[in-house]
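Notes to accompany the following structure.
By convention in this document, chain letters (A, B, ...) are assigned in the order of the sequence lines, proteins followed by strands, and residues within each chain are numbered from 1.
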Protein chains: 2
Amino acid sequence: MSTEPEIPANRAATLTDVAKLAGVSVATASKAINGRDEVRAATRKKVLEAAELLSFAPNALARGLLGGRTGTVGLLTSDLEGRFSIPILMGAEDAFGAGQVSVFLCDARGDAIRERYHVRALLSRRVDGLIVVGSRTDSRAPLAGNIPVPVVYVYAPSADPDDISITVDNVGGGRLAIEHLIAYGRRNIAHITGEAGFQAARDRAEGAVAALADAGLTMIGGKPYFGSWDETWGRAAAHIVVERHPEVDAIFCGSDQIARGVLETLRDLGRDVPGSISVIGFDNWEAITAHSRPRLSSIDMNLEHLGAVAGRRLFAAIDGDDPPISEQFPGRVVMRDSTAPLG
Amino acid sequence: MSTEPEIPANRAATLTDVAKLAGVSVATASKAINGRDEVRAATRKKVLEAAELLSFAPNALARGLLGGRTGTVGLLTSDLEGRFSIPILMGAEDAFGAGQVSVFLCDARGDAIRERYHVRALLSRRVDGLIVVGSRTDSRAPLAGNIPVPVVYVYAPSADPDDISITVDNVGGGRLAIEHLIAYGRRNIAHITGEAGFQAARDRAEGAVAALADAGLTMIGGKPYFGSWDETWGRAAAHIVVERHPEVDAIFCGSDQIARGVLETLRDLGRDVPGSISVIGFDNWEAITAHSRPRLSSIDMNLEHLGAVAGRRLFAAIDGDDPPISEQFPGRVVMRDSTAPLG
DNA sequence: CTGAAAGCGCTTACAG
DNA sequence: CTGAAAGCGCTTACAG
């Protein structure tokens, strides 16, 4: 006679198995396992031991079917490739993991059809809520159709102001960069940035202009140099700026990649960074900032935090707590070696 | 009297609702919707119209509870930050999306405890299978415990040879790089790479040494220069190599970041790239390769494809088709401007 | 404190 | 071809 519990080989243990082994009803077993207090301590102990012995793991599908929560959410991204989605996704995943929630990942790849398809699938799986992660800060069309669960938009806000959107304060980010440079005594500041078609570029520039105005200054060249987000543009634009405005003593760049290009040109030109010209980037993309010469100061938009907040706001909305509202979060200056006090 | 169908406001339509509206039994409605052929065409049409009218979406939880498939898989990553996981994840997500499968994303953050926790959660949700994505090519301990569903390991192979592991052929990648340089007439080739503690570094070096030997050549310096994976090391190592071995006419780098550093030093030294010295990187990381001076040739390990294959292999395993086996995939040379035929 | 019963939304033999 | 019934694994009133 074996002392092994009777586990029908090829099958995960069910609550019925546990109840049988513990000598109680399934109802009681359920209560014991779920920590209800209408259960005698000794009974609970018996049940818990049986569950342990059978490696019982409650079937989440059955639980979810009962109508309450499923403990799942959908994370809808439009672009996994873009590096902005990843930290946000990590932050959200983290917030959810702590709350015993599992997350479905769906990449719509920027395609509205795919997005709709994914939303349907997620709803048929009865997710408790949805997080929509954008890859640009431009506002996006709200999810199509009637969505019966709470939705939180992150990074890219929904065009509908009644939706909950958690975003980054790019105007503030532009301000932060300029204020940092001004605090270091810089007065002749240029701004080289990405495509004007991006809200992010326009917002950062707006913040920069405003911060300069507050200090009674104007931008070198009269306005931002819009171009593209890459190093090649950074190199080209730096040439232009230094040639036309030799008095320039600081350059605020709309991305770290642009800043890398700027740094290279200044090096080619034999200009001293940070002494003669200070340079600050945007995004704080470690791979780009950490090993440049000199190491690049930058604005960090705390994307992982943004994701975590979005996760928590979604929870709140699911719980029906005081309805969360849209929020914008500031970034922070990360000082490295490319910015320093003037001479 | 309204012509609207009777949809109890706040509730998703159920199969019962559809059946009622269509005037058939739920059994028949189920068959009609699932495309069974024991259903009269006219009946099917009635049911489908009713479903359409009610925006009926079958409850995947109920379906899954019936014991068959749930149509879900778990994607277990150890490190979302690392950029290797992302393309793999995209490939897998893509393969699954096409197959009507939803994927749970879990980031264990390199922690075995978290991993175990996530596996439990996924099993309680009755996933049909698991994909485990590593962030290094070093082999990893197989998933702990008794896992009742198929598992496919990607990028980082399982230490258990009986497990299914889909990996990149780094030895072959090292070969590819050297053969490319040799084809361009280079004979004095150095290898600057990352930490020797990484299997990836050792494998690529092994392939490089073997390819050189096949051509009757030896590595400049007698062996690879192991260091770290970043630009700073690339810059330092390039100095050493050029100083000690002025005859060097090509450098194979273990990562694109190292290669960027090498490129910078060669530029500082006034050496002509690719004419005098050709440089090839590894990873084909667009952000790094596309805007360097000159643009960087590199080895691409087709990570997205790797993820897609892993997804398909998992399907096969779930379907119980001929059991999939471990496989290794070759990379490919991506030519840009940092390699060229010898003068 | 414990248990029998109903029910969540579906699918699947099994009769008719 | 159609439908009544059982059942997937759980939870939740409701009796006892």
Need to verify one output field. Residue with the more 5' nearest nucleotide on DNA chain C, B:A27 or B:L61?
B:L61
5'-most by nearest nucleotide on DNA chain D - B:G23 or B:R126:
B:G23
Please list, chain by chain and in numerical order, all residues satisfying ring-ring contact (aromatic ring centres under 6.0 Å, His included) with A:Y117, sequence neighbours excluded.
none
Could you note down all residue pairs passing side chain to side chain donor-acceptor pair (under 3.5 Å) where residues 303-312 of chain B supplies at least one of them, sequence neighbours left out?
A:R109-B:E304
Applying side-chain hydrogen bond (donor to acceptor under 3.5 Å, both in side chains), can you list everything that pairs with B:S102, at least two apart in sequence or on another chain?
A:R125
Test of understanding: with side-chain hydrogen bond (donor to acceptor under 3.5 Å, both in side chains), list the residues that count as partners of B:N59, not counting sequence neighbours.
none
Please enumerate all residues that pass ring-ring contact (aromatic ring centres under 6.0 Å, His included) together with A:F56, with sequence neighbours excluded.
none
Footprint ends on DNA chain D, 5' to 3', for atoms under 4.0 angstrom from a heavy atom of chain A, come out as D:dG9 to D:dA13
Listing request: all salt bridge (Lys or Arg N to Asp or Glu O under 4.0 Å) pairs with a residue in residues 33-46 of chain B, at least two apart in sequence or in separate chains.
B:K45-B:E49
Check A:D94 with B:R114, please: is the shortest side-chain N to carboxylate O separation under 4.0 Å?
yes
Interface residues of residues 29-42 of chain B with DNA chain C (non-hydrogen, below 4.0 angstrom):
B:S30, B:K31, B:N34, B:R36
Only Watson-Crick and G-U wobble pairs with both distances less than 3.5 Å should count. Give DNA chain D in dot-bracket notation, marking inter-strand partners with |.
|||.||||||||.|||
My understanding is that only residues two or more places apart in sequence, or in another chain, count here; which of them pass side-chain hydrogen bond (donor to acceptor under 3.5 Å, both in side chains) with B:S326?
none
Closest to the 5' end of DNA chain D, once A:T14 and B:V26 are matched to their nearest nucleotides, is B:V26
The salt bridge (charged side-chain N to carboxylate O under 4.0 Å, His left out) partners of B:R120 (sequence neighbours excluded) come to none
Sequence-distant partners of B:Y155, ring-ring contact (aromatic ring centres under 6.0 Å, His included), two or more places apart:
B:F84
